[in-house]
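First the structure, in the form of structure tokens, and then the observations on it.
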Amino acid sequence: MPQDIYDKIMMVAKRRGFIYPSFEIYGGIAGFYDYGPLGSQLKNNVENLWRRFYLLQDNCVEISTPTITLYEVLKASGHVEEFTDLTVDCSRCKRSYKVEDIIEKGTPIEEAVKENKILCPTCKTTLQDAHPVNLMFSTTIGIGEGRKAFLRPETAQGIFTNFHLLYQYRRKNLPFGVVQIGRGYRNEISPRQGTLRQREFSMAEAEVFFDPQDKTHPLFDTIKEKQLFLFDNEKEMKVSVADAVKNKIINNQALAYYVYLTQEFLLTAGVDPKKFRFRKHAANELAHYATECWDAELYSERFGWVECVGIADRSAYDLNAHIESSSVDMYAIRPFEQPKEVLMKKVVPKMNMLGPRFGGKAGKIKEQLDQMDAATIKKVTVTIDGEILEVPKDCYDIVEVREKQTGEKFVPHVIEPSYGIDRVLYFILEHNYVEEKKKDEEYTILKLNPKVAPIKTGVFPLINDENLIRIAKKLDTDLRAAGISTFYDESGTIGRRYARMDEVGTPFCITVDHDSLNDTQVTVRHRDTTKQERIKIQDILPYMRDKISL
RNA sequence: GCGGGUAUGAUCUAGUGGUUAUGAUAUUAGCUUCCCAAGCUAGUCACACGGGUUCGAAUCCCGUUACCCGCACCA
């Protein structure tokens, strides 16, 4: 017997083609799910609704980058360090350690684990239960040695590694946002909770770049009076966006704006407002890149409050990391109101001295010397391939120059709303799943918002009559040609056909009956009220468009 | 990863160490002039996988996988 709402939803989801476990014919594997026909369509609709909010309303741009991501990228971003360690916990000291940090040098990790050679560095207790802290999926690009790579654990890095190009594309104006919708991969130790923790999942992320001195948002004034549902780990509260910022509940306008945008998106997509809140991360649960983070949490009758969206202030963490690691100029310019003339001391390399002395490294040394500000340095050193070299005085001149400066360089800060699409989809199902009794029979309705419903309307001939079928089929074809998804059905009784549509969340059903032959009207039946209205066939198209447009 | 439980058509489920393995829903074909899962007739589809015990296993045992519940984990 189905136990609770989750079981019931997963039953319907499988039977009707929303979502179900992958590879079942080979025994299945935890953490992977297939979206069936209706699930895929629902997902597309939700993603397109999301695009409406971020691409149109917030004027972000969308890009698409590979899911296979070079080792260097994730090394720089900190994910390699944070993802791949075998860890032990000391219950006495309440601390976690990386196994490789605390075992005797030279001991293989496997051996240390097997023979209980792991001691707590603080209290000397023997530690057990070594466990890997989440892993990324690793792979190799090319044959032979190839290059190391991972399946990306987030889409964000693809955006950061594009920053300098996108900054040009947006003609060096801040703030601007870049979004990406795509798959991410995390090799969870033990995925549980059904579709809420998958190993391959879809996310929609926006990286919005701000001048750290100006974390305001151009549209802030338009939404500042709106109410937010916030939870600071102690009490839930309803406050206006403006007050949340003024009282420093949320650190800045930009972050608050995206908290609100997220709320607006989720409620439009069909999340139950009573099962929704924002929770602020405590300092000790922040990700390695975040300075402040608000989660949109949705309430599940089975799983409790579940994080579905994280809105993080990543500060300059990622861009700094990539600037340092790749040496690519990913700075933004803050223009001065008036261009300044500045007296600068520049280091001018003498290549005729550098060349003979440093050989092939001379070129790289020149590059670094060109960047130096001689006013602030005493000894001239450069770092080439990890080696620190001192450059003797006779290899350069220090020259005073007047330089015109139009602005100053800085590393932008990033506000990142990051959505777990699969989680949002699950909650759209759970929050809209309604059971009613009809003649003592259990009757289920999926009250999906028409904007996201996979099928917009059923099209039926009332009875099996050639004349009605002809009209119904034409109407069905016309609707689909106009971009409105339909489901044509002439089997079984009319009630049964309505029921089938109700179960998969189809908001409307159009029925052609005998009267239609004379008055060219059809019946539009509404899912949630079962009310019916007569509409002219020629008016059906605009009528539907009006109801379902995003 | 540890402990406990579960596994029968698309879905839910009955089942005893012994012939062609229940029933319902769904679905297919037909009949039915049909606006809220009506009825009738006929049909399709199942014992998770791999070993073992046994004359004989869907049933008992072991392993694997998946799912569920706790613990840990969720950067």
Side-chain angles (χ1 to χ4, degrees), chain A residues 1-4 6-8 10-17 20-32 36 74 77-89 91 96 113 128-136 153-154 186-194 196-199 201 281 284-290 293 295 302-303 306-307 310 312 420 423 436-445 458 460-465 467-468 490-503 509-515 522-527 529-532 534:
Chain A
M1 281 296 286
Q3 295 299 305
D4 63 6
Y6 174 82
D7 289 322
K8 290 177 184 172
M10 292 315 278
M11 255 169 63
V12 173
K14 187 171 185 182
R15 190 160 41 81
R16 301 306 304 270
Y20 38 81
S22 301
F23 314 124
E24 268 201 318
I25 64 166
Y26 291 109
I29 176 76
F32 294 90
L74 294 159
S77 68
H79 287 84
V80 172
E81 297 297 320
E82 299 292 329
F83 265 68
T84 53
D85 301 302
L86 202 62
T87 306
V88 286
D89 306 314
S91 52
S96 293
V113 172
Q128 284 170 336
D129 299 329
H131 50 273
V133 167
N134 285 329
L135 301 164
M136 292 187 285
E154 57 174 15
R186 298 178 190 183
N187 201 354
E188 300 280 355
I189 300 165
S190 65
R192 291 277 185 84
Q193 303 180 323
L196 297 182
R197 254 180 94 193
Q198 299 184 42
R199 286 176 164 138
F201 51 97
H281 275 207
N284 62 2
E285 60 178 319
L286 286 169
H288 65 275
Y289 47 71
C293 185
D295 282 346
R302 174 181 286 201
F303 301 113
V306 177
E307 163 201 351
R423 290 187 174 185
E436 288 174 3
K437 288 267 182 210
K438 269 198 181 179
K439 293 184 191 160
D440 283 338
E441 238 190 307
E442 208 155 82
Y443 192 94
T444 65
I445 307 176
F460 315 141
L462 181 62
I463 61 162
N464 216 336
D465 178 309
N467 294 314
L468 304 190
E490 58 184 55
S491 76
T493 63
I494 191 71
R496 178 173 300 216
R497 285 177 266 167
Y498 286 153
R500 271 198 283 256
M501 290 290 95
D502 285 346
E503 190 180 42
C509 291
I510 302 171
T511 302
V512 179
D513 59 23
H514 294 106
D515 295 339
V522 289
T523 306
V524 174
R525 178 259 194 191
H526 295 250
R527 175 193 64 204
T529 58
T530 75
K531 292 239 168 63
Q532 305 188 347
R534 295 289 283 180

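- As a whole-Å value, the separation of Q198(A) CD from C67(B) P is 11 Å.
- At the heavy-atom level, Y6(A) lies under 4.0 Å from the strands shown only through sugar-phosphate atoms.
- The main-chain N or O of R197(A) is never found under 3.5 Å from a side-chain atom of R186(A) such that the two would form a donor-acceptor pair.
- Listed nucleotides: C67(B), A75(B), C69(B). Nearest to the side chain of R302(A): C69(B).
- Rounded to whole Å, the P atom of A10(B) lies 11 Å from the corresponding atom of C45(B).
- When rounded to the nearest whole Å, the span between CD1 of I25(A) and C1' of U65(B) equals 14 Å.
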Derivation and outcome, side chain to side chain contact (heavy atoms under 4.5 Å, CB included), residues R500(A) and R16(A): CA-CA 9 Å; R500(A) 271 198 283 256; R16(A) 301 306 304 270; 4.2 Å; yes

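- Nucleotides G52(B) and U19(B), compared at atom C1', are 26 Å apart to the nearest Å.
- Across all strands shown, U41(B) pairs with A29(B); the Watson-Crick or G-U wobble distances both stay below 3.5 Å.
- Between the C1' atoms of G30(B) and U20(B), the separation comes to 27 Å (whole Å).
- With C1' as the reference atom, U25(B) and C67(B) are 22 Å apart, rounded to whole Å.
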Detail all sub-3.5 Å separations between protein N/O atoms and N/O atoms belonging to nucleotides 26-35 of chain B.
{"unit_1": "U27(B)", "atom_1": "OP1", "unit_2": "R500(A)", "atom_2": "NH1", "d": "2.1"}
{"unit_1": "C34(B)", "atom_1": "O2", "unit_2": "I494(A)", "atom_2": "N", "d": "3.2"}
{"unit_1": "C35(B)", "atom_1": "O2", "unit_2": "Y498(A)", "atom_2": "OH", "d": "2.7"}
{"unit_1": "C35(B)", "atom_1": "O2", "unit_2": "Q532(A)", "atom_2": "OE1", "d": "3.3"}
{"unit_1": "C35(B)", "atom_1": "O2", "unit_2": "Q532(A)", "atom_2": "NE2", "d": "2.4"}
{"unit_1": "C35(B)", "atom_1": "N4", "unit_2": "D513(A)", "atom_2": "OD2", "d": "2.8"}
{"unit_1": "C35(B)", "atom_1": "N4", "unit_2": "T523(A)", "atom_2": "OG1", "d": "3.3"}

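- Residues passing the side-chain contact (heavy atoms from CB on, under 4.5 Å) test with R534(A), sequence neighbours excluded: D513(A), D515(A), S516(A), D519(A), Q521(A), T523(A).
- Side-chain atoms of R497(A) come within 3.5 Å of backbone atoms of P461(A) as a donor-acceptor pair (strictly under, hydrogens ignored).
- Across all strands shown, the partner of C67(B) is G5(B), judged by Watson-Crick or G-U wobble contacts whose two distances both fall under 3.5 Å.
- Taking atom C1' in both G15(B) and U8(B), the straight-line distance is 9 Å, to the nearest Å.
- Summarising the geometry, the separation between NZ on K14(A) and P on C12(B) is reported as 7 Å, rounded to the nearest angstrom.
- For the pair H526(A) and F32(A), both in contact range of RNA chain B, the more 5′-proximal nearest nucleotide belongs to H526(A).
- Here U11(B) sits opposite A24(B) as a Watson-Crick or G-U wobble pair (both hydrogen-bonding atom distances under 3.5 Å).
- With sequence neighbours excluded, the residues satisfying ring-ring contact (aromatic ring centres under 6.0 Å, His included) with Y6(A) are F303(A), Y426(A).
- Figure legend. C73(B) is base-paired to no nucleotide; pairs are counted as Watson-Crick or G-U wobble with both atom distances under 3.5 Å.
- Between the CG atom in L196(A) and the CD atom in E307(A) there is a gap of 11.0 Å [rounded to 0.5 Å].
- In the set C69(B), A66(B), A37(B), the nucleotide with an atom closest to the side chain of I29(A) is A66(B).
- Separating the C1' atom of A24(B) from that of A14(B) is a span of 11 Å, rounded to the nearest Å.
- Searching all strands for a Watson-Crick or G-U wobble partner of U59(B) with both distances below 3.5 Å returns nothing.
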Polar pairs (N or O, both sides) under 3.5 Å between protein and nucleotides 44-48 of chain B?
none

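- A straight line from OH of Y443(A) to P of U25(B) spans 17 Å, rounded to a whole angstrom.
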Could you go through M501(A) and F460(A), starting from their C-alpha distance and side-chain angles, then the distance that decides it, and tell me whether this counts as side chain to side chain contact (heavy atoms under 4.5 Å, CB included)? CA-CA 11 Å; M501(A) 290 290 95; F460(A) 315 141; 3.8 Å; yes

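- Applying the salt bridge (charged side-chain N to carboxylate O under 4.0 Å, His left out) test to R527(A) and every residue at least two apart in sequence or in another chain returns nothing.
- The NE2 atom of H281(A) sits 7 Å away from the P atom of A75(B) (whole-angstrom rounding).
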Could you go through I463(A) and H514(A), starting from their C-alpha distance and side-chain angles, then the distance that decides it, and tell me whether this counts as side chain to side chain contact (heavy atoms under 4.5 Å, CB included)? CA-CA 9 Å; I463(A) 61 162; H514(A) 294 106; 3.5 Å; yes

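- If you take atom C1' in U59(B) and the same atom in U32(B), they sit 44 Å apart, rounded to whole Å.
- Whole-Å rounding puts the E503(A) CD to C36(B) P distance at 19 Å.
- Across U27(B) and A37(B), the matching P atoms stand 14 Å from one another, rounded to whole Å.
- Straight-line distance from the NZ atom of K8(A) to the P atom of C67(B): 22 Å, rounded to whole Å.
- Across every non-hydrogen atom of D295(A) and G310(A), the tightest pair is OD1-CA, 3.5 Å.
- Under the rule for a side-chain contact (heavy atoms from CB on, under 4.5 Å), the partners of A13(A) that lie at least two apart in sequence or sit in another chain are F18(A), I19(A).
- The CE-P distance, from M10(A) to C68(B), rounds to 8 Å in whole Å.
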